[in-house]
Trainee: 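Next up is a structure, given as structure tokens.
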Protein chains: 2
Amino acid sequence: MFSKTCEYGLRAVIFIALESNVDKKVSITAIADAIESPQAFTAKILQQLTKNKIVQSIKGPNGGFFIDDKSLKTVALSNIVAVLDGDAIYTGCGLGLHQCNDKKPCPLHFKFVEIRENLKKMLESTTLFELATDMNLKEYFLKN
Amino acid sequence: MFSKTCEYGLRAVIFIALESNVDKKVSITAIADAIESPQAFTAKILQQLTKNKIVQSIKGPNGGFFIDDKSLKTVALSNIVAVLDGDAIYTGCGLGLHQCNDKKPCPLHFKFVEIRENLKKMLESTTLFELATDMNLKEYFLKN
DNA sequence: AAAATAAAAGACAAATTAATCCTTTATTGT
DNA sequence: ACAATAAAGGATTAATTTGTCTTTTATTTT
């Protein structure tokens with residue numbers, strides 16, 4: 001469904017969101033440990049996400065990654081996926097046709113449209129704030 | 001969503017189903033041409049599908065690929081996806097966790113379950129026969 | 001039997017994705 | 001000012017996926 005990059009990215013951002021929710025900054029070491037991901041690779045991903053204003057970062061001692069209160073409420077999962085995997089999941093054809101739409105559909109087009117719409121809506125409506133607050137209530141996991 | 005292998009495989013099988021529906025066998029050259037896919041690569045994919053009884057093949061002159069009447073009605077898209085991409089789309093975690101289930105869920109588990117269930121049902125309920133007959137009515141495309 | 005046809009099989013090659021390593025830059029505390 | 005800390009950046013390697021090429025096997029027609 002998503003690339004490894006996107007999977008690690010989502011997990012990392014969710015973890016940062018959780019910590020940011022209680023005003024904590026987290027280092028790349030702490031993140032990689034919390035989500036059980038390759039550290040250097042995760043660092044690269046976070047570079048992309050900071051460039052795209054999904055997360056913020058501060059260098060040096062007491063530095064680390066965090067997400068400001070406003071972003072916590074405005075950033076949805078769809079924004080993260082867009083940065084890391086582009087919009088292929090939403091727009092791309094299930095059978096890999098370059099152009100596939102209502103006018104010129106592949107045999108599965110109308111069946112896929114529905115499923116993708118659901119996915120899109122779910123990603124667009126799920127904010128980091130929702131996850132960060134929800135995760136305090138139930139027991140959720142970011143690693144095995 | 002699917003690998004290239006699976007995309008080509010689905011398109012190839014749908015094309016073969018269409019031709020088989022009017023009792024025609026098709027060569028790998030005809031298939032690659034009809035779905036605009038790399039021929040040798042598509043040949044490899046069809047090898048896998050014949051081994052797994054999704055399609056049948058006959059060597060030599062007047063040979064080619066086809067799907068018998070019974071398979072046309074019993075084979076669903078889910079069977080093809082299972083052979084080529086495995087069951088990761090159904091069972092795999094959206095965030096890439098190795099084990100993620102109702103008991104030990106990732107933060108998005110319950111949101112993903114629904115979407116994946118829809119996809120699963122769609123793939124399982126769509127048979128080659130349905131596609132082969134439906135494609136005669138409407139204008140559908142297998143290449144650009 | 002020989003030639004032609006078409007899929008099967010195996011060995012490579014190219015491209016993309018995933019992952020690591022090393023150096024540089026920014027910031028802080030002593 | 002200096003040492004320590006932590007992210008940013010660049011170059012490289014590893015693994016996987018995608019794709020090609022050549023040979024072999026099976027079947028049919030002449």
Side-chain angles (χ1 to χ4, degrees), chain A residues 1-13 15-16 19-20 24-67 81 83-86 88-89 92 95-96, chain B residues 1-13 15-16 19-20 24-33 35-67 83-86 88 92 95-96 98:
Chain A
M1 173 139 267
F2 300 127
S3 67
K4 280 282 159 200
T5 295
C6 196
E7 288 177 356
Y8 294 146
L10 286 166
R11 274 151 66 191
V13 171
F15 175 67
I16 299 170
E19 299 296 302
S20 291
K24 280 187 191 167
K25 286 196 288 289
V26 277
S27 72
I28 183 62
T29 311
I31 296 168
D33 189 60
I35 70 174
E36 237 164 47
S37 67
Q39 173 168 334
F41 190 47
T42 309
K44 288 283 173 212
I45 297 166
L46 285 170
Q47 269 180 45
Q48 287 187 69
L49 292 170
T50 48
K51 274 182 196 159
N52 285 277
K53 317 278 185 188
I54 304 285
V55 306
Q56 285 81 45
S57 73
I58 291 179
K59 286 182 180 178
N62 297 317
F65 295 92
F66 65 100
I67 301 171
V81 174
V83 168
L84 300 176
D85 273 2
I89 340 152
L95 298 186
Chain B
M1 172 139 266
F2 300 128
S3 68
K4 281 282 159 200
T5 294
C6 195
E7 288 177 357
Y8 294 145
L10 285 166
R11 275 151 65 191
V13 172
F15 175 67
I16 299 170
E19 299 296 301
S20 291
K24 280 185 190 166
K25 285 195 289 287
V26 280
S27 71
I28 183 63
T29 312
I31 295 168
D33 189 61
I35 71 174
E36 237 165 45
S37 67
Q39 173 168 333
F41 190 47
T42 310
K44 287 283 172 212
I45 297 166
L46 285 170
Q47 268 180 46
Q48 286 187 70
L49 292 170
T50 48
K51 272 180 199 161
N52 285 277
K53 317 277 185 189
I54 303 286
V55 306
Q56 286 80 46
S57 73
I58 291 180
K59 286 182 180 179
N62 297 317
F65 295 92
F66 65 100
I67 301 171
V83 168
L84 300 176
D85 274 1
L95 298 185
H98 300 303

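Keep in mind that the numbers below use all heavy atoms, side chains included, and drop hydrogens, waters and symmetry copies. In what follows, chains are A, B, ... by sequence order, proteins preceding strands, each numbered from 1. Not measured: the values here are computed from a predicted model.
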Trainee: How would you summarise protein contacts on nucleotides 21-30 of chain C per nucleotide, using B for base, S for sugar-phosphate only and - for none, with heavy-atom distances below 4.0 Å?
Mentor: ----BBBBS-
Trainee: Is the phosphate of D:dT5, meaning OP1 or OP2, less than 4.0 Å from a side-chain N or O of A:Ser27?
Mentor: no
Trainee: What pairs with A:Ile89 under side chain to side chain contact (heavy atoms under 4.5 Å, CB included), at least two apart in sequence or on another chain?
Mentor: A:Phe2, A:Val81, A:Leu119
Trainee: Expressed as a whole number of angstroms, how long is the span from A:Ile45:CD1 to C:dT20:P?
Mentor: 11 Å
Trainee: How far apart are the closest heavy atoms of B:Val55 and B:Val13, and which atoms are they?
Mentor: CG1-CG2, 4.1 Å
Trainee: I need the CD1-P distance between A:Ile28 and C:dT20, as an integer number of Å.
Mentor: 12 Å
Trainee: What is the distance from CE of A:Met1 to P of C:dT17, rounded to the nearest Å?
Mentor: 17 Å
Trainee: Sorted by first residue and then second, give each side-chain hydrogen bond (donor to acceptor under 3.5 Å, both in side chains) pair with at least one member in residues 35-44 of chain B; sequence neighbours left out.
Mentor: B:Ser37-B:Thr42
Trainee: Applying side chain to side chain donor-acceptor pair (under 3.5 Å), can you list everything that pairs with A:Ser3, at least two apart in sequence or on another chain?
Mentor: A:Asp85
Trainee: Which pair of non-hydrogen atoms, one from A:Gln48 and one from A:Thr5, has the smallest distance, and what is that distance?
Mentor: NE2-CG2, 4.4 Å
Trainee: Measure from CG on B:Asp33 to C1' on C:dA6 and round the result to the nearest Å.
Mentor: 16 Å
Trainee: Not counting sequence neighbours, list each pair that qualifies as a ring pair (Phe, Tyr, Trp, His ring centres under 6.0 Å) and has a residue in residues 43-64 of chain B.
Mentor: none
Trainee: Heavy atoms only: give me the nearest B:Asn62-B:Lys25 pair and the separation to one decimal.
Mentor: O-CE, 2.8 Å
Trainee: Closest heavy-atom contact between A:Ala12 and A:Leu46?
Mentor: CB-CD2, 4.3 Å
Trainee: I'd like a table of atom pairs between the protein and nucleotides 12-18 of chain D - only N or O on both sides, under 3.5 Å - with the distance next to each one.
Mentor:
{"residue": "D:dT18", "atom": "OP1", "partner": "B:Lys4", "partner atom": "N", "Å": "3.0"}

Trainee: Check side chain to side chain donor-acceptor pair (under 3.5 Å) between B:Gln56 and all other residues, then give those that pass, not counting sequence neighbours.
Mentor: B:Asp68
Trainee: For the helix from C:dA1-D:dT30 to C:dT30-D:dA1, what is the angle between the axes at its two ends, each from 5 pairs, rounded to 10°?
Mentor: 0°
Trainee: Is the backbone N or O of A:Thr29 less than 3.5 Å from a side-chain atom of A:Asp33, with the two atoms forming a donor-acceptor pair by type?
Mentor: no
Trainee: On DNA chain D, does the nearest nucleotide to B:Thr42 precede the nearest nucleotide to A:Ala43 from the 5' side, or the other way round? Give the residue.
Mentor: A:Ala43
Trainee: Among pairs that include at least one residue of residues 1-10 of chain A, which meet salt bridge (charged side-chain N to carboxylate O under 4.0 Å, His left out), considering only residues two or more places apart or in two chains?
Mentor: A:Lys4-A:Glu7
Trainee: Got a sec? Which of residues 48-56 of chain A come in under 4.0 Å of DNA chain C, heavy atoms?
Mentor: none
Trainee: Would you tell me if any nitrogen or oxygen in the side chain of A:Gln47 comes within less than 4.0 Å of OP1 or OP2 on D:dG9?
Mentor: yes
Trainee: Could you tell me which residues satisfy salt bridge (charged side-chain N to carboxylate O under 4.0 Å, His left out) with B:Lys53, sequence neighbours excluded, listed by chain and number?
Mentor: none
Trainee: Rounding to an integer number of Å, can you tell me how far A:Glu7 CD sits from C:dA19 C1'?
Mentor: 15 Å
Trainee: Using atom NZ of B:Lys25 as one end and atom P of C:dA7 as the other, report the distance to the nearest whole Å.
Mentor: 11 Å
Trainee: What is the minimum heavy-atom distance between A:Ala30 and A:Phe15, and which atoms define it?
Mentor: O-CE2, 4.1 Å
Trainee: Tell me: CG of B:Leu46 to P of D:dG19, nearest whole Å?
Mentor: 14 Å
Trainee: Go through the structure and list residues passing ring pair (Phe, Tyr, Trp, His ring centres under 6.0 Å) with A:Tyr8, not counting sequence neighbours.
Mentor: A:Phe41
